[in-house]
S.K.: 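Take this structure, written in structure tokens, and hold onto it; I'll ask about it next.
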Amino acid sequence: MDDWNPEHLSSSAEAAAKAPEPSSIFASSYQYCSRILRQRFIGCIPSLSNLNLPEKITFLEKISTLYKRRIIPSTSRRNRGTCLPLPLPSTSLEPFTQTSETSRVYDVLGDIVEHTFFNLHSVQKNLHFWEARAEGSTCNKVYFMVFERGPLAFLDGSAQLLHDYVFHGTGMQQVSSSASVHISERISVLTSLRYSLATFLAQVYVEVEKSREQILKEPGKSMAALLGTINGLFLRLEAAIGHFSATRQIGSSVDGSYSSPLMFETLPDVNQESSQWTDCEIRDAINLIYLNLNKLDVYLSLLVAKHQKPRTMTRHWMRYTVGAVGISLFSVWLVGHSRLAGSPDIDNWIRDAKASVTDFLNHHVEQPLIAIRDELFETFRKRHKGVMELEEVQLTSNSLHRMLLAFSENTKGQKFPENASDQEMLEIVMGRYEKELMHPIQNLLGGELARAMLIQIQKLKLDIETAMLELNQILRANEINFAILAALPAFFLSLVILMLLRAWVKQDTRAQGKGKIARVQRRLLIVEVEKKIVQFQSCIDQGLEKDGQCMYGLILYTLDRLYRAVERHAKATGEWQSLREDINNLAKPNLVTIEKLRVTSRMAHMYDCLLPSMRH
């Protein structure tokens, strides 16, 4: 068989592109202007004229193809680490520049996998919603059919409920049956899509794994074989999901019509054993694969849109309606009390509200904060102003000592030393005081009773001053404690605000988040990987090859979600290199199941970003 020539694509398409001219003047004018615009645009960008694509491809499709050719590869090289990588040889990229056709083959393979992951996630997200609705009770299904599908469905469902209640005596059986059909149809289509996409993903991954060693030995020949195999996988996918319109049931609950059947462009047969593809042939094959990938995205987006879960606004339309009616009534009432209706009520209310807010801030915010500030710094400002100073106590003590010394010398008639003990002299005073009390009136006037009483008063003064000095020292030692105690209200208020902010920041429940729920989601992904691995092994043991391919594709999809979820956290903790290697090992099709389960067990117990949240 002859080698494939890219001109074969255009020769057969030119004949099919010829069609009779439109009879309408508007259509003719539009066709002429479009042709002139296309020619001038192509003249400005020569790359568009060198794509060698069929003439039936429209002008916008050529621009899209140019975008795929120039922009997508560079973007994919820049963002390749955002999804689970293919098992391509890492060293093989180094000898090639950005314009290398071999490098572009790697890019197109990465884009195929990345787009498939995205489409699988869209299908899986909607499938989970419908499966949750299918597991609900009869009341939940009726509530969904009547209240969560929009106003028209609410009217139809309410009418159906009344009709069944009046004429059949049952109000929910018919609606519940309709809900079951409505949900099961969408589950059936989405399940088929997930099965086909997961199988396609597994086949692409396995083919790349098979070609890994051959790419290093014979890059040119292996690239041609790989592109041909990928094109065959696209055709298999077309046969699996390309004719949903033909299998649509009569009376389907899906709104609108299905999209046109999926039809991929086909590469002509190539004799891969006798020759190799040129760079031009590889480039055109890559462009054609990008065109098929674009068709697949458009087809799946339209098909999933027909079976997707209702939008949030549709599910909660009654809340939004009640809110809109309430806002409308409030607006009418507000206009009636505004200047537009000649009423000063709003101005008066604003004035009163401003005064009330100002008074509240003054009495409940500003003054308490000022009081806390004063309590916090009052002690420090008056640190030098003690209640009782040590010098004053010393003066009182010296005065008492001199009084005791003079009294003791007069009483005993002998000279006492200057360092005599105050306690001994005080005993002399108390002994003389007791004798003088035998005749208080006489001794008060002519004895030493009054003098002894004054000495005791001086002693009491000294004791009081000493106690006050000690109290002042205690207050100075604990002034920082009193200051902290005064600041406790502000501290607790700040703590509450910080806790609220922390809860708001960590409210992200996705697996990429930082909170406790995000950690749980990441651990659940590991559990999901383990379950899929066991199911994959079960399919292999039972000889279910197709089901095994689907299960392997779901393993890759779950690993991709885990890869995206842990990348940022693992890089922050320095675990990313080891964790990425473990995830890549789990994606290897030839690794035995026991070893994969060991890897998942190690991941769940060793890596910080996958551990349960710490509670200490």
Side-chain angles (χ1 to χ4, degrees), residues 116-154 156-157 160-161 172-201 237 240-259 262 296-319 509-511 521 524-525 527-528 531-532 535 547 550-551 553-555 557-558 560-561:
T116 307
F117 281 139
F118 175 80
N119 291 322
L120 256 179
H121 181 67
S122 178
V123 171
Q124 188 77 356
K125 179 175 60 176
N126 290 284
L127 184 58
H128 282 168
F129 174 84
W130 294 117
E131 288 176 344
R133 288 295 184 271
E135 295 173 356
S137 62
T138 301
C139 295
N140 292 336
K141 293 179 180 179
V142 171
Y143 180 85
F144 168 74
M145 292 296 291
V146 177
F147 296 101
E148 294 186 354
R149 295 192 304 128
L152 295 179
F154 171 75
D156 294 340
Q160 185 67 39
L161 286 173
M172 294 192 299
Q173 294 297 331
Q174 186 67 26
V175 178
S176 177
S177 178
S178 301
S180 298
V181 174
H182 182 93
I183 295 172
S184 62
E185 181 179 358
R186 284 154 176 78
I187 290 178
S188 177
V189 173
L190 293 175
T191 302
S192 299
L193 283 178
R194 183 182 65 176
Y195 186 93
S196 300
L197 288 175
T199 303
F200 173 75
L201 177 63
L237 183 62
I241 67 173
H243 302 286
F244 273 98
S245 57
T247 60
R248 183 182 181 187
Q249 299 177 358
I250 300 176
S252 174
S253 61
V254 178
D255 298 331
S257 60
Y258 277 81
S259 58
L262 177 63
L296 177 62
D297 289 340
V298 173
Y299 178 80
L300 289 177
S301 63
L302 294 176
L303 191 58
V304 173
K306 297 292 184 181
H307 303 85
Q308 67 181 356
K309 62 182 181 180
R311 294 179 299 175
T312 303
M313 182 173 292
T314 302
R315 296 201 304 270
H316 304 294
W317 69 273
M318 293 195 71
R319 301 179 186 177
T509 59
R510 299 176 301 172
Q521 294 296 327
L524 288 177
L525 287 176
V527 175
E528 190 70 18
K531 291 169 58 178
K532 292 293 188 296
Q535 293 174 5
D547 293 343
C550 171
M551 202 55 58
L554 293 179
I555 292 175
Y557 164 71
T558 310
D560 175 70
R561 292 183 57 198

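The model shown is predicted, which means the values in this text are computed figures rather than measured ones. Atom set for the values below is all heavy atoms of this structure, side chains included, hydrogens, waters and symmetry mates excluded.
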S.K.: Please list, chain by chain and in numerical order, all residues satisfying ring-ring contact (aromatic ring centres under 6.0 Å, His included) with Tyr557, sequence neighbours excluded.
M.R.: none
S.K.: Kindly give the heavy-atom pair with the smallest separation between Thr138 and Ser176, and that separation in Å.
M.R.: CG2-OG, 3.4 Å
S.K.: Hey, is the main chain of Val298 close enough, under 3.5 Å, to the side chain of Ser301 for a donor-acceptor pair?
M.R.: yes
S.K.: Taking Arg149 for its side chain and Met145 for its backbone only, find out whether a donor-acceptor pair lies under 3.5 Å.
M.R.: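 A pair under 3.5 Å: yes.
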S.K.: For the atom pair CG (Asp560) and CG (Leu525), what is the distance rounded to the nearest 0.5 Å?
M.R.: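 Nearest 0.5 Å value for the CG-CG distance: 10.5 Å.
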S.K.: Please report the interatomic distance CZ(Arg319) to OG1(Thr312), rounded to the nearest 0.5 Å.
M.R.: 10.5 Å
S.K.: Give, for atom CG of Leu201 and atom OG of Ser196, the distance between the pair rounded to the nearest 0.5 Å.
M.R.: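 Between atom CG of Leu201 and atom OG of Ser196 there are 12.5 Å.
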S.K.: When you measure from the side chain of Thr191 to the backbone of Ile187, do you find a donor-acceptor pair of N or O atoms at a distance under 3.5 Å?
M.R.: yes
S.K.: Just wondering, do Lys125 and Gln308 contact through their side chains at under 4.5 Å, heavy atoms?
M.R.: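 Side chain of Gln308 against side chain of Lys125, heavy atoms only: no contact under 4.5 Å found.
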S.K.: I'd like to know whether Asn126 forms a side-chain contact (heavy atoms from CB on, under 4.5 Å) with His307, so could you lay out the CA-CA distance, the side-chain angles of the two residues, the decisive distance to 0.1 Å, and finally the verdict.
M.R.: CA-CA 8 Å; Asn126 290 284; His307 303 85; over 6 Å; no
S.K.: Side-chain contact test, heavy atoms from C-beta onward, threshold under 4.5 Å: evaluate it for Phe118 versus Asp297 and give yes or no.
M.R.: no
S.K.: Between Glu148 and Arg133, is there a side-chain N and carboxylate O pair less than 4.0 Å apart?
M.R.: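 Salt bridge: yes.
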S.K.: Hey, mind stepping through Phe147 and Val142 against side-chain contact (heavy atoms from CB on, under 4.5 Å) and telling me if it holds?
M.R.: CA-CA 8 Å; Phe147 296 101; Val142 171; over 6 Å; no
S.K.: Distance from Lys532 atom NZ to Thr558 atom OG1, nearest 0.5 Å?
M.R.: 5.5 Å
S.K.: Between the side chain of Thr314 and the main-chain N/O of Pro310, is any donor-acceptor distance below 3.5 Å?
M.R.: no
S.K.: Nearest 0.5 Å please: distance from the CE atom of Met551 over to the CD atom of Gln535.
M.R.: 4.5 Å
S.K.: Strictly by modelled atom types, are Thr116 and Asn119 linked by a side-chain donor-acceptor pair under 3.5 Å?
M.R.: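 No, because no side-chain N or O of Thr116 sits under 3.5 Å from a partner of the opposite role on Asn119.
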S.K.: Could you tell me whether the side chain of Phe129 reaches within less than 4.5 Å of the side chain of Arg186, counting heavy atoms only?
M.R.: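 Not in contact.
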S.K.: Are side-chain heavy atoms of Ile241 and Leu296 found at a separation under 4.5 Å?
M.R.: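 Yes, close enough: below the 4.5 Å cut-off.
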S.K.: Excluding sequence neighbours, so at least two apart, what forms ring-ring contact (aromatic ring centres under 6.0 Å, His included) with Trp317?
M.R.: Phe154
S.K.: For residues Ala134 and Ile183, report the shortest heavy-atom separation together with the two atoms involved.
M.R.: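 Looks like CB-CG2, 3.8 Å.
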S.K.: Does Leu262 form a side-chain contact (heavy atoms from CB on, under 4.5 Å) with Leu300? I'd like the steps, not just the answer.
M.R.: CA-CA 9 Å; Leu262 177 63; Leu300 289 177; over 6 Å; no
S.K.: With rounding to the nearest 0.5 Å, note down the distance linking CZ in Phe200 to CG in Leu193.
M.R.: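 Interatomic distance, Phe200 CZ to Leu193 CG, rounded to 0.5 Å: 13.5 Å.
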S.K.: If we only count heavy atoms from C-beta on, is the Leu554 to Arg194 side-chain gap below 4.5 Å?
M.R.: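 Yes. Closest side-chain heavy atoms under 4.5 Å.
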